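Chain naming here is simple, since letters A, B, ... match the order of the sequence lines and numbering starts at 1 in each. Since we're looking at a predicted model, the values are computed, not measured. Computed over heavy atoms, backbone and side chain alike; hydrogens, waters and symmetry mates excluded.
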There are 2 protein chains.
Amino acid sequence: MEQSKIPQATAKRLPLYYRFLNNLNQQGKNRVSSKELSEAVKVDSATIRRDFSYFGALGKKGYGYNVEYLLGFFRSTLDQHETTEVALIGVGNLGTAFLNYSFLKNNNIRITKGFDANPEKAGTNIGGVPIYHIDELHEKLEGIRVAILTVPATEAESITEKLVNEGIEGILNFTPARISVPEHIRVHHIDLAVELQSLVYFLKHYPLDSKKK
Amino acid sequence: MEQSKIPQATAKRLPLYYRFLNNLNQQGKNRVSSKELSEAVKVDSATIRRDFSYFGALGKKGYGYNVEYLLGFFRSTLDQHETTEVALIGVGNLGTAFLNYSFLKNNNIRITKGFDANPEKAGTNIGGVPIYHIDELHEKLEGIRVAILTVPATEAESITEKLVNEGIEGILNFTPARISVPEHIRVHHIDLAVELQSLVYFLKHYPLDSKKK
DNA sequence: ATTCATTTGTGAAAATTATCACGACTATTT
DNA sequence: AAATAGTCGTGATAATTTTCACAAATGAAT
Ligand SMILES: NC(=O)c1ccc[n+]([C@@H]2O[C@H](COP(=O)([O-])OP(=O)(O)OC[C@H]3O[C@@H](n4cnc5c(N)ncnc54)[C@H](O)[C@@H]3O)[C@@H](O)[C@H]2O)c1
Ligand SMILES: NC(=O)c1ccc[n+]([C@@H]2O[C@H](COP(=O)([O-])OP(=O)(O)OC[C@H]3O[C@@H](n4cnc5c(N)ncnc54)[C@H](O)[C@@H]3O)[C@@H](O)[C@H]2O)c1
């Protein structure tokens, strides 16, 4: 929308900062330094200061950052004032786990609808979220821009096409399939098998005392 | 262990390449170009060639790569000849989903033991994996070097300490807690809430036609 | 008032990662 | 045998990200 000059690496860390600031605020702390923050979120303090600096001078030299101010700032930056609705496609093992998880308390993102091809699941309700049959996508997806994909890998491509047709703009893809989408659709992959395998690879091939990821 | 000159970014992509080569091989293909590979895994073809080149000249100019040869090469690079045992700590919503998932067929990584604090879960068996009480960690963790952490965030720090004492070297952490570990322990975080939140942030703040992540 | 210990914000440098672009080589077709 | 289309490996360059290191500002202590 606006300031696209914020590095992607920074943007990815924002939700992490936001969550931690929330914790601090709830603990009643009203002041925090980049050093403390660094120890808590395991990000170098210079990186944190640099990240914050993209948004202007948010702190005070010799003092640190005011928790409440910073929190308020991030709340609006991350659009936490308006709720984002998310659909979950594929109510299986993984999908069910997500539905049963209140997706972060300090967070205005909600899974509000589930979809599955299994007719026995349609009409049920998991963790307070109604499940619809996948054929009802068109009627029920109105106004939802983000989808979580937890269907079998073989279905990923065809479901993605449907989602795109229904106007979905962002997909969080948990299937191992690398889906194809038009230019303007954003896909983030979370590939659990790859993560596990690369962890094992790092263990075996990288010196034990190297810097952490 | 050996060639630590391989960039971390490359190392993270290896399992992805490996999986796709496996697919190709099972489809009976015996030749593949960096361009084809690129379309399938959505990584720039020059990046793929560069990645491969860290391991030497694996392909042939004007021809491409021999699938079987490349696959064999990656199999040994990723240590797929020996099975890696993994323990899962916290058999709740997320943990149960993982246990029910045969963690990739073409893959020698296996979750072989589960642990939970709930006495009702101890002694059971989920997806073929035996569940033990968390107090049995010491007796049952022998020889296991990697753990998946799916306990409540509040327990993350204390469980981590126990795991480290038992000689665990790598942890795949699904809790929102940023755990502290000694220098020589490797931790990879998968923070689902952060992933979802950052996807939403990107959608709202980055031009729709920008390059994909 | 002055000193002192802190801590930010940032210019500059370093490190890492991705991409361009082309010479060298291969297989295939004519 | 020559021409053609395809493809790798890589030097060079560009882009991105992280880190260093310090002047300037702050609040607390004496
Ligand atoms: N469970 C895990 O631990 C895990 C780990 C890594 C990756 N994954 C990936 O996540 C995805 C889901 O895994 P899972 O274990 O939950 O699988 P699952 O089989 O338990 O669930 C898949 C669900 O999708 C539904 N479905 C099938 N076709 C559909 C369609 N066309 N439209 C809508 N719904 C459809 C099924 O009815 C089922 O409920 C898979 O792609 C899997 O590879 C899972
Ligand atoms: N479920 C999700 O979709 C989701 C999404 C994002 C993050 N997470 C995170 O993953 C973790 C697990 O989530 P969940 O939904 O599976 O929670 P859950 O409450 O369903 O499961 C946690 C399990 O850990 C066990 N446990 C508690 N204390 C323990 C201890 N000291 N030792 C061993 N086991 C213990 C509990 O008995 C329970 O079975 C949490 O930290 C959560 O924040 C979950």
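Between B:Ile48 atom CD1 and D:dT7 atom P the separation is 13 Å, expressed in whole Å. Atom-to-atom, CG of B:Asp44 to C1' of D:dA14 comes out at 13 Å; the value is rounded to the nearest Å. Between A:Asp51 atom CG and D:dT19 atom P the separation is 11 Å, expressed in whole Å. In this structure, CD1 of B:Ile6 is placed 18 Å from C1' of C:dA15, rounded to the nearest angstrom. In this structure, B:Arg13 atom CZ and C:dT17 atom P are separated by 9 Å, rounded to whole Å.
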Reading nucleotides 5-12 of chain C 5' to 3', which nucleotides get B (base under 4.0 Å from a protein heavy atom), which S (sugar-phosphate only), which -? -BBBBBBB

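Closest approach of A:Val67 and A:Leu21 over heavy atoms only: CG1-O, 3.8 Å.
Side-chain nitrogen and oxygen atoms of A:Thr47 include at least one within less than 4.0 Å of the OP1 or OP2 phosphate oxygen of D:dT19.
Classification of the A:Phe52-A:Tyr17 ring pair by plane angle, with boundaries at 30° and 60°, yields perpendicular. Ring geometry for B:Phe55 against B:Phe73 counts as perpendicular: the plane angle is over 60°, on a 0 to 90° scale with 30° as the lower cut.
Within the 3.5 Å criterion, the main-chain N or O of A:Val91 finds a donor-acceptor partner in the side chain of A:Asp116.
Cation-pi check for A:Arg31 over A:Tyr65 is not met; the charged atom does not lie both under 6.0 angstrom from the ring centroid and within 45 degrees of its normal.
For the residue pair B:His205 and A:Asp79, a side-chain donor N or O sits within less than 3.5 Å of a side-chain acceptor on the partner.
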